[in-house]
Amino acid sequence: MTLNKFHGIIPAFYACYDDQGNISESRTHALCDYLFEKGVQGVYVGGSSGECIYQSLDERKAVLSYVASNLKGKMTLIAHVGAPSTRDSIELAKHAASLGYDALSAIPPIYFKLPDSAVTKYWSDIMEATPLPFIIYNIPQTTGYTLTPALFEKLLTNKKVIGVKNSSMPPMDIERFKRVGGKDVVVFNGPDEQYVAGRIMGADAGIGGTYAVMPELFLQANTFVLAGKFEEAGQLQSEINDIIIALCSLKGSMYAEIKEVLRLRGVNIGSVRAPLEGVAAEDAGPIADIMKLIDQAIEKYCG
Ligand SMILES: CC(=O)N[C@H](C=O)[C@@H](O)[C@H](O)[C@H](O)CO
Ligand SMILES: CC(=O)C(=O)O
């Protein structure tokens, strides 16, 4: 199987709500159209950025359907199917497979601290449910579970495992997973704040929660890395980090602020679901400044 379709810039898809906070089909299409127009290589649907953890199974299935009906055949589609129980994860996995998704992915089980044997069984059971390739999702800061390179190596004996999306902070973790996986495995950089470092340390691609609010900048960072222009890539990364830190420093959650930026850009996908906090009145000034930072960086680096 060619892994090329998993390379490039793959934004994490945001939850799109109507003004009452229900999943919105039309707003989901608006986000699909916007990302297609930006030229990203794929989308990662129903992950952290998709607020999966706050949605019912039916809502998550609906989102997977809406996105596939819009973007299938136009870019790579990855379905995040991690859920509290194996049973729900399998239901989502089968649904995604029926819609023609290119790959599945899942966080480890959450809430209870489970041993490696249970985590392995969870991922294996999902993989067994469909013929789709699978991307392990390692995100210790939200799940409390840390994937080791040794366990990753064991998991790779299942040929459905084609990669890992690594969101732990040390770029060395990326390097270790790539070391174990080699060229036939795709390692995705998780932390957007060190996309460039992750790529240099061995990540083949990136999946990120802030890509969709500034796709131009991440596409350009990818172009710089591929061209070996590491100084430019590093400078652009610094400007991206100013933007991310600003997005995370306001009253509303990062996703609320990102959605507000998108709304002001003409892509209204609603707000966030509680307990995530929405945008506050006092955020308006800083948001205008953030939009300027994004525009200036696009002008400077993407000309
Ligand atoms: C912890 C977390 O959610 N990490 C995301 C996924 O890897 C990132 O893409 C972040 O959204 C991004 O790096 C901003 O902090
Ligand atoms: C990458 C990310 O933010 C997600 O899991 O949706």
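Just so you know, these numbers use all the heavy atoms, side chains as well, and skip hydrogens, waters and symmetry mates. In listed order, ligands and their atoms are each counted from 1.
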Strictly under 4.0 Å, does any heavy atom of K165 approach an atom of ligand 2?
-> yes

Could you tell me whether the side chains of T210 and D192 share a donor-acceptor contact shorter than 3.5 Å?
-> yes

What atoms of ligand 1 come within less than 4.0 Å of a heavy atom belonging to M254?
-> 11 (O), 14 (C)

Show which atoms of ligand 1 fall inside a sub-4.0 Å distance from at least one heavy-atom site of Y137.
-> 6 (C), 7 (O)

Heavy-atom nearest neighbour of atom 10 (C) of ligand 1 within options D192, N189, N138, T142 = D192

Measure the acute angle between the ring planes of Y145 and W123, then classify it against the limits of 30° and 60° as parallel, tilted or perpendicular.
-> perpendicular

Which of the atoms in ligand 2, numbered in the order shown and given with their element, are less than 4.0 Å from a heavy-atom of G209?
-> 1 (C), 3 (O)

Please report which non-hydrogen protein atom sits nearest to atom 2 (C) of ligand 1, along with the residue it belongs to and the distance in Å to one decimal place.
-> I139 CD1, 3.6 Å

Count the heavy atoms of every other residue, nucleotide or ligand shown that sit under 6.0 Å from CZ of R265, and state whether that count exceeds 12.
-> yes

Using non-hydrogen atoms of the residue, decide whether F188 is closer than 4.0 angstrom to ligand 1.
-> no

NE2-CD1 distance between H95 and I90, expressed to the nearest 0.5 angstrom | 15.5 Å

Name the option, out of P191, G209, G206, that contains the heavy atom nearest to atom 9 (O) of ligand 1.
-> G209

What atoms of ligand 2 come within less than 4.0 Å of a heavy atom belonging to A12?
-> 1 (C), 2 (C), 3 (O), 4 (C), 6 (O)

Provide, to 0.1 Å, the distance between atom 7 (O) of ligand 1 and the closest protein heavy atom, together with that atom's residue and name.
-> S167 OG, 2.4 Å

Will you find, in the side chains of T76 and D102, an N or O donor that is under 3.5 Å from an N or O acceptor?
-> no

Y44 heavy atoms within 4.0 Å reach ligand 2 at atoms 5 (O)

Does the distance from a Lys or Arg side-chain N to an Asp or Glu carboxylate O, for K154 and D116, drop under 4.0 Å?
-> no

Look up atom CD in E257 and atom CG in D283, then write down how far apart they are to the nearest 0.5 Å.
-> 4.0 Å

Distance-only N or O hit between ligand 1 and G208, under 3.5 Å | no

Is it the case that S105 and Y44 place a side-chain donor and acceptor less than 3.5 Å from each other?
-> yes

Within 45 degrees of the axis of the six-membered ring of F36 and under 6.0 Å from its centre: does K74 put its NZ or CZ there?
-> yes

Atom indices of ligand 1, in the order listed, that fall short of 4.0 Å to a heavy atom of T210 = 14 (C)

Taken to the nearest 0.5 Å, the spacing of L64 CG from H80 NE2 works out to 10.5 Å

Any atoms of ligand 2 less than 4.0 Å from a non-hydrogen atom of Y137? List them with their elements.
-> 1 (C), 2 (C), 4 (C), 5 (O)

For atom 8 (C) of ligand 1, what's the nearest protein heavy atom and its distance?
-> G190 O, 3.5 Å

Can Y301 and E239 be counted as having a side-chain donor-acceptor contact under 3.5 angstrom?
-> yes

Here the atoms of ligand 1 under 4.0 Å from any heavy atom belonging to K165 are 6 (C), 7 (O)

Give the residue and atom name of whichever protein heavy atom lies nearest to atom 4 (C) of ligand 2, and the separation in Å to one decimal.
-> S48 N, 3.3 Å

Using a strict cut-off of 4.0 Å, indicate which atoms of ligand 1 neighbour a heavy atom of E193.
-> 12 (C), 13 (O), 14 (C), 15 (O)

Under the side chain to side chain contact (heavy atoms under 4.5 Å, CB included) rule, what do Y137 and N166 come out as? Steps first, then yes or no, please.
-> CA-CA 6 Å; Y137 191 171; N166 185 64; over 6 Å; no

So which bit of F13 gets within less than 4.0 Å of ligand 2, heavy atoms only: side chain, backbone, both or neither?
-> neither

Please could you name the atoms of ligand 2 that S49 approaches to less than 4.0 Å, counting only its heavy atoms?
-> 2 (C), 3 (O), 4 (C), 6 (O)

